[in-house]
Amino acid sequence: MPSTVLVGTQWGDEGKGKICDLVASEFDCVVRYQGGNNAGHSIKVGDKKFGLHLVPSGIMYETVTPVIGNGVVIDPKVLLEEIDLLESNGVSTKRLRLSTNAHLIMPYHIDLDGAFESQMGKNLIGTTKRGIGPCYQDKMARIGLRVQDLMDEAIFRERLAIALDRTNCLLDKVFGLPTYTVDQICETYLAYAERLRPYVCETGAFLNEQLEEGKNILFEGAQATLLDIDHGTYPFVTSSNCTAGGAIPGSGVGMKSVTRILGIMKAYLTRVGSGPFPTELAFETPEGETLTQVGGEYGVTTGRRRRVGWFDGCIGRYAARVNGLTHIALTKLDVLSEFDTIKVCVAYDVDGKRYTTVPEYADRFDRAVPVYEELPGWKEDISGCRSFDELPANAQAYVRYIEKLVGVPISIVAVGPDRTQTIMCGWE
Ligand code: GDP
Ligand code: IMO
Ligand code: MG
């Protein structure tokens with residue numbers, strides 16, 4: 001299998017973890033390239049279910065080397081808890097590699113995430129409050145701390161003093177929050193350092209060596225296209241490039257090494273946090289309630305109820321363009337089995353003008369009125385189907401309709417959370 005980027009095409013939670021776990025065994029390495037523990041990727045293998053936040057979903061296979069790339073932001077406490085959880089469930093983490101250049105989430109990033117959100121009042125982003133935005137902010141401001149700094153106490157203390165000079169002013173003078181001392185943070189972080197040391201690696205060099213040896217890499221995106229800092233519904237986005245292109249700077253490999261881009265697309269839409277959502281269904285509507293309950297649409301990271309809505313072809317086309325999708329995995333098709341008819345948004349009307357993709361002016365997207373087509377449902381349990389031909393005719397027609405609307409072949413269809421509940425129809 002050629003090296004591939006796996007990317008979310010909507011607002012996250014499309015089932016990236018499930019599909020990543022499904023295809024990971026065909027690769028030598030699985031690499032996370034951006035985001036942090038704002039991600040929640042669920043994997044279900046038999047009766048075991050894992051919610052991973054930082055460790056790549058390839059961890060389940062002994063033949064795969066899971067890598068946390070330089071573009072990821074690491075909360076060391078969360079990473080160590082996740083390692084412990086996996087180990088206690090019999091999943092070895094010995095092969096895991098952690099980039100020297102990944103930035104560290106510090107306790108003050110978490111404080112500031114909460115403080116910034118409170119200050120925004122009704123305009124809040126609805127972040128996961130894991131310190132992601134403030135950590136990337138410090139990275140860009142060049143006062144961040146990296147995994148490599150943590151590996152050397154003297155360097156760590158020196159870099160931390162510089163960061164605290166600025167951050168303590170903000171905490172104290174702007175928000176009236178408690179400040180930190182270097183010693184106070186060192187007490188916990190230096191203990192993390194010793195536990196993390198065996199995993200630390202120059203991952204950029206390692207991945208390039210792997211490619212030279214003819215091995216292949218799966219890049220596991222977190223968040224999704226519309227949460228991308230550049231291409232998403234700004235300002236209601238996360239603070240990294242989650243689109244496929246982010247895999248290159250976020251891991252340190254050259255562009256020519258990637259030939260496949262697999263977009264993960266849910267058969268309907270969800271969103272957590274604030275921001276526009278043209279096809280949203282109110283929770284109180286029967287359709288909204290059905291998608292929430294049948295789809296189990298509650299966040300893996302924060303437990304928040306996800307907003308739900310019909311599939312949006314404008315977003316699908318936009319994701320195809322921004323990521324250069326070559327394949328699609330359509331997930332959660334089984335959830336739509338409940339409906340007599342299924343709506344699909346094929347265009348937007350904005351101030352009398354028709355759009356077939358996401359308008360780049362945010363205010364136009366805010367005012368977008370979906371134009372729907374209504375497709376017949378199939379009202380049949382499809383969770384046991386294992387080939388495309390086994391799907392009821394109307395389910396097949398729905399898949400083909402989405403494929404045509406988005407303009408990219410659908411080569412995987414997921415009909416349940418388990419690894420086995422999948423139809424391969426062109427992924428080879
Ligand atoms: P991710 O963030 O993109 O990895 O997605 P999440 O794991 O946050 O959310 C997807 C949820 O849907 C998880 O609970 C998965 O177990 C579940 N899931 C994934 N694919 C399917 C599917 O095809 N059908 C159903 N019913 N559930 C699925
Ligand atoms: P996975 O990888 C869904 C959303 C938050 C918020 C915005 C910014 O599981 O798909 P942040 O904490 O990143 O600063 O929050 O982004 N968000 C996600 N929504 N799935 C995710 O990850 C998300 N990660 C962040 O809800 O709206
Ligand atoms: Mg998720």
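Just follow the structure's listing: the first ligand is 1, and inside any ligand the first atom is 1.
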4.0 Å heavy-atom contact, G416 with ligand 1: yes
Under 4.0 Å to a heavy atom of G273 - the qualifying atoms of ligand 2, by number: 27 (O)
Distance-only polar pair, side chains of T93 and Y199, donor-acceptor under 3.5 Å: yes
Donor on one side chain, acceptor on other, N101 and S99, under 3.5 Å: no
Winner among Q34, H41, R304, Q223 once heavy atoms are compared against atom 23 (C) of ligand 2: Q223
Option of least heavy-atom distance to atom 11 (C) of ligand 1 (set: R419, K49, K332): K332
Heavy-atom nearest neighbour in the protein, as seen from atom 4 (O) of ligand 1, with distance rounded to 0.1 Å: G17 N, 2.8 Å
For atom 16 (O) of ligand 1, closest protein heavy-atom neighbour: P417 CB, 3.5 Å
Side-chain donor-acceptor contact under 3.5 Å, T233 with R271: yes
Geometric N/O contact N38 with ligand 2, under 3.5 angstrom: yes
Residue and atom name of the nearest protein heavy atom (relative to atom 10 (C) of ligand 1), distance in Å to one decimal: D13 O, 3.8 Å
For atom 27 (O) of ligand 2, closest protein heavy-atom neighbour: V272 O, 3.0 Å
Protein contact to atom 24 (N) of ligand 1 [nearest heavy atom, distance to 0.1 Å]: D334 OD1, 2.8 Å
Check: W310 ring centre within less than 6.0 Å of F339 ring centre: yes
For atom 2 (O) of ligand 1, the protein heavy atom that lies nearest, with its residue and separation: G40 O, 2.8 Å
Part of I264 within contact of ligand 1 (heavy atoms, under 4.0 Å): neither
Distance from atom 12 (O) of ligand 2 to nearest protein heavy atom, with residue and atom: T128 OG1, 2.6 Å
Where ligand 2 meets W11 - atom numbers and elements under 4.0 angstrom, heavy-atom basis: 3 (C), 19 (N)
Distance-minimising heavy-atom pair for Y189 and P107: OH-CD, 3.4 Å
Short side-chain donor-acceptor distance under 3.5 Å, T243 and N323: no
Atom 3 (O) of ligand 1: the protein heavy-atom neighbour that sits closest, reported with distance to 0.1 Å: K16 N, 2.7 Å
Plane angle bin for F116 and F175 - parallel if under 30°, tilted between 30 and 60°, otherwise perpendicular: perpendicular
Nearest-neighbour protein heavy atom for atom 4 (C) of ligand 2, which is reported as residue plus atom name and distance: L227 CD1, 4.0 Å
Atoms of ligand 1, numbered as shown, that sit under 4.0 Å from any heavy atom of A414: 23 (O)
Closest approach of any protein heavy atom to atom 15 (O) of ligand 2, naming residue and atom: T127 CA, 3.3 Å
Residue pair T302 / K129, side-chain donor-acceptor N/O under 3.5 Å: no
D13 atom OD1 and G40 atom O as seen from the Mg ion (ligand 3), angle to 10 degrees: 170°
Y348 side chain to R364 side chain, donor-acceptor N/O pair below 3.5 angstrom: no
Residue part near ligand 1, for R306, under 4.0 Å between non-hydrogen atoms: side chain
Shortest protein contact, atom 13 (O) of ligand 2 (heavy atom only): T238 OG1, 2.6 Å
Which segment of K18 sits under 4.0 Å of ligand 1 when only heavy atoms are counted: side chain
Distance-only donor-acceptor check, side chains S387 and D389, under 3.5 Å: no
Residue pair E338 / T290, side-chain donor-acceptor N/O under 3.5 Å: no
Shortest protein heavy-atom distance from atom 13 (C) of ligand 1, along with the residue and atom involved: S42 OG, 3.3 Å
Pi-cation contact, Y298 with R304 (under 6.0 Å, within 45°): no
Under 3.5 Å side-chain donor-acceptor pair for Q137 and H109: no
For A222, the ligand 2 atoms whose distance to one of its heavy atoms is below 4.0 Å: 2 (O)
Heteroatom distance test (D13, ligand 2): nitrogen or oxygen, under 3.5 angstrom: yes
Ligand 2 N/O within reach of V237 N/O, cut-off under 3.5 Å: no
Side chains of E287 and Y268, donor plus acceptor under 3.5 Å: no
Where ligand 2 meets A39 - atom numbers and elements under 4.0 angstrom, heavy-atom basis: 1 (P), 2 (O), 9 (O), 22 (O)
Under 4.0 Å to a heavy atom of G15 - the qualifying atoms of ligand 1, by number: 1 (P), 3 (O), 4 (O), 5 (O)
E297 versus T292, side-chain donor and acceptor atoms under 3.5 Å: no
Between D28 and T63, a side-chain donor and acceptor under 3.5 Å: no
Interfacing atoms of ligand 2 (cut-off 4.0 Å, heavy-atom, G12): 10 (O), 20 (N)
Polar contact flag, side-chain donor to acceptor under 3.5 angstrom, Y180-D111: yes
Under 3.5 Å: N/O of K16 near N/O of ligand 2: yes
Atom 6 (C) of ligand 2: nearest protein contact (heavy atom, Å): G126 O, 3.2 Å
Polar contact flag, side-chain donor to acceptor under 3.5 angstrom, Q34-S240: yes
Sub-4.0 Å atoms of ligand 2 with respect to non-hydrogen atoms of G40: 1 (P), 9 (O)
